[in-house]
Amino acid sequence: MKKKMRVMTEKPLNAETPIEALRTWTTDNEVFFKRNQGQIMQRPIKLTTWKLSIDGLVKHKLNLSFEEIRRMPKVEVTNTLECSGNSRSLLEKKASGNPWTIGGVGNAVWGGVWLKDLLTKAELKKDARHVSFEGFDKPLGKAGIKFIRSIQLEKALDSTLLAYEMNGQPLPLKHGFPLRALALGWTGANCVKWLHKITVLDQPYEGFFMDRVYRVFQKGEDPKTGGVVKEINIKSIIVEPANAETLPAGIVPIRGAAYAGEAGIQAVDVSVDDGKTWQPASLIGPQENYAWRHWEYLWEVRQTGEFTIMARATDTRGRQQPETANWNVLGYGNNGIREHAIIVQIK
Ligand SMILES: Nc1nc2c(c(=O)[nH]1)N[C@H]1C(S)=C(S)[C@@H](COP(=O)(O)O)O[C@H]1N2
Ligand SMILES: [Mo]
């Protein structure tokens, strides 16, 4: 039986994946985390009336039907999507936002077209530098601010997908039907759902969701002076055993997932003694660009008692997870080794 999602808020819908559902390499659509700023679409839009417009600094404005997009070369990419605020609730010092544990992440096979193919069709003008995305979900709250986000042109041309399929299914309504952006290896905030409008700009889009949030800043600082959240931080999570579980002595499998945005995973080490000593874990399962890598460590334990287990990932660029997270006001990018430790009892 599938474990239910943990719903943090109903309106907007914010719900995290149960940890058990992170044990498979791809995450089932039904339990894939859902994160929204606005009122999610209640009914799927009619595909025969839906259009995607490409406007701004292009030589030919485009207004494409779903069929036209479907007739373009299709690509399938496995990509791990993580919300910038994932693991926020594990920070020792409180940060504001949804109290995610580790379930604000998932891995899926996405089918769609390269954004580059559309931008090539539209032909960029000389000043093109950024690309903004707008969905047709309605804002919640009095301010009525739409969730509009932009990314650098370089990323848009290099590795941004417009997806209409998720794990072999038409993109589910809650995940942006019929089309969403996916800046591969970047946090969810860069992956606009229910996409209907793309604008090519000469500078980043300015607005609440670019300038006030999804920025890394400290207390007393103007959010706008902080860096924009882009690439997913290197991180490992433990998905088995569960925190606070009691287990018999013997061979205890410790398993998890590790991911590093645009980079691959080089190694994962595990400690069962609160970080004093480390042993290498085995990387298991499929290995693909932009997708997390599953790992396991078969722990032979003879003693009884309480044990603190930690995992530490190293990526193909040689970067390693920090001992503790770099705190910021909105609690983005928590990838601290210590914050992700679990405690188990051996009986
Ligand atoms: N249109 C629209 N797209 C959106 C959002 C939103 O509120 N509206 N939220 C973003 C954020 S912050 C995240 S983490 C991801 C979550 O994607 P998911 O719900 O498919 O997991 O969607 C992104 N795209
Ligand atoms: Mo997010």
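Quick caveat, the model's predicted, so the values are computed rather than measured.
- Residues H60 and K121 are not in side-chain contact: their nearest non-hydrogen atoms beyond the backbone lie 4.5 Å or more apart.
- Side-chain atoms of R35 and N14 form a donor-acceptor pair, as typed in the model, at a separation below 3.5 Å.
- Inter-residue side-chain proximity for H340 and N334 is flagged as met; some heavy-atom pair is nearer than 4.5 Å.
- Note: K93 NZ to T324 OG1 = 12.0 Å, rounded to the nearest 0.5 Å.
- Side-chain atoms of W114 and M72, non-hydrogen and from C-beta on, never get closer than 4.5 Å to each other.
- The residues R129 and D202 are annotated as not salt-bridged, no charged nitrogen and carboxylate oxygen being separated by less than 4.0 angstrom.
- Grouping the Ile, Leu, Val, Met, Phe, Trp and Tyr side chains by contacts below 4.5 angstrom, directly or via other members, places L64 with L47.
- Across all their heavy atoms, L115 and A156 have their closest contact at CD2-CB, 3.7 Å.
- Counting only N and O atoms by type, the side chains of E262 and W186 include a donor and acceptor under 3.5 Å apart.
- If you take CG on N335 and CZ on R312, they are separated by 13.5 Å, rounding to the nearest 0.5 Å.
- Using a cutoff of 4.0 Å between basic side-chain nitrogens and carboxylate oxygens, E221 and R215 are not scored as salt-bridged.
- Using a 4.5 Å heavy-atom cutoff, the side chains of P223 and V213 are not in contact.
- Using a cut-off of 4.0 Å between Lys/Arg side-chain N and Asp/Glu carboxylate O, D222 and R212 are scored as salt-bridged.
- In summary, the side chains of E82 and Y259 do present a donor paired with an acceptor at a separation below 3.5 Å, with no hydrogens or angles considered.
- The existence of a salt bridge linking E231 and R317 is confirmed by a sub-4.0 Å separation between a basic side-chain nitrogen and an acidic carboxylate oxygen.
- Ring pair H130/Y205: centre-to-centre distance not below 6.0 Å.
- If you take OG1 on T225 and CD on Q218, they are separated by 10.0 Å, rounding to the nearest 0.5 Å.
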Handout entry: Stepwise salt bridge (Lys or Arg N to Asp or Glu O under 4.0 Å) test for D274 and R338
Key = CA-CA 9 Å; D274 197 31; R338 205 151 268 288; 3.2 Å; yes

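- Between F209 and Y214, the ring planes are tilted. Angles from 30° to 60° get that label.
- When only modelled atom types and interatomic distance are considered, N29 and K174 share no side-chain donor-acceptor pair under 3.5 Å.
- Considering only residues two or more places apart in sequence or on other chains, R302 meets the salt bridge (Lys or Arg N to Asp or Glu O under 4.0 Å) condition with E300.
- For S87 against K235, the heavy-atom pair with the smallest separation is OG-NZ, 2.8 Å.
- Connectivity analysis of hydrophobic side chains (ILVMFWY, heavy atoms under 4.5 Å, direct or indirect) links Y297 to I238, L247, V252, I254, I265, V268, V270, V272, L283, W295, W299, V301, F307, I309, I342, V344, I346.
- When the side chains of ILVMFWY residues are joined at heavy-atom separations under 4.5 Å, either directly or via intervening members, L90 and M8 end up in two distinct hydrophobic clusters.
- Under 3.5 Å, the side chains of T26 and N107 contain no donor-acceptor pair of N or O atoms.
- Residues K230 and Q152 meet the side-chain proximity criterion, which asks for heavy atoms closer than 4.5 Å.
- Here the shortest heavy-atom pairing between S236 and Q321 reads OG-OE1, 2.6 Å.
- The side-chain contact (heavy atoms from CB on, under 4.5 Å) test with V131 singles out one residue from L124, L201, I198, L57, and that residue is I198.
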Problem - Trace of the side-chain contact (heavy atoms from CB on, under 4.5 Å) decision for V105 with W100 - result: CA-CA 10 Å; V105 67; W100 299 98; over 6 Å; no

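- In this structure, CZ in F177 is found 9.5 Å from CH2 in W50, a value given to the nearest 0.5 Å.
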Problem - Steps toward side-chain contact (heavy atoms from CB on, under 4.5 Å) verdict (T160, L184) - result: CA-CA 6 Å; T160 298; L184 303 177; over 6 Å; no

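- Cluster partners of I234: none. The rule joins Ile, Leu, Val, Met, Phe, Trp and Tyr whenever side-chain heavy atoms lie under 4.5 Å apart, and it links nothing here.
- Counting only heavy atoms from C-beta outward, the side chains of R255 and R23 never approach each other to under 4.5 Å.
- Counting heavy atoms from C-beta outward, H175 and Q169 have side chains that stay 4.5 Å or more apart.
- Side chain of Q266 to main chain of G318: no donor-acceptor pair is present (N/O by atom type, distance under 3.5 Å, no hydrogens or angles).
- For the 3.5 Å distance criterion, the side chains of Q320 and T314 qualify, holding a donor opposite an acceptor.
- In this structure the side chain of V75 never reaches within 4.5 angstrom of the side chain of V113, judged on heavy atoms.
- No side-chain donor-acceptor contact under 3.5 Å links S132 and S150.
- When the options W25, W110, W292 are evaluated for a side-chain contact (heavy atoms from CB on, under 4.5 Å) with T78, the one that passes is W25.
- Here the straight-line distance linking atom OG of S65 with atom CG of L52 works out to 10.0 Å at 0.5 Å rounding.
- A donor and an acceptor atom, one from each side chain of S53 and D55, are nowhere located under 3.5 Å apart.
- Separation of atoms CD (E306) and OG1 (T246) is listed at 10.0 Å; rounding is to 0.5 Å.
- A salt bridge does not link D117 to K74: none of the charged nitrogens lies less than 4.0 Å from a carboxylate oxygen.
- For the ring-ring contact (aromatic ring centres under 6.0 Å, His included) test with H196, the passing option among F133, F136, F66 is F136; the others fail.
- A side-chain donor-acceptor contact under 3.5 Å links R149 and N190.
- I232 and Y290 fall into different hydrophobic clusters, where Ile, Leu, Val, Met, Phe, Trp and Tyr residues are linked whenever their side-chain heavy atoms come under 4.5 Å apart, directly or through other members.
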Practice task
Check the pair T120, K116 against side chain to side chain donor-acceptor pair (under 3.5 Å), reporting the backbone distance first and the verdict last.
Solution key: CA-CA 6 Å; T120 306; K116 176 178 193 250; 5.1 Å; no

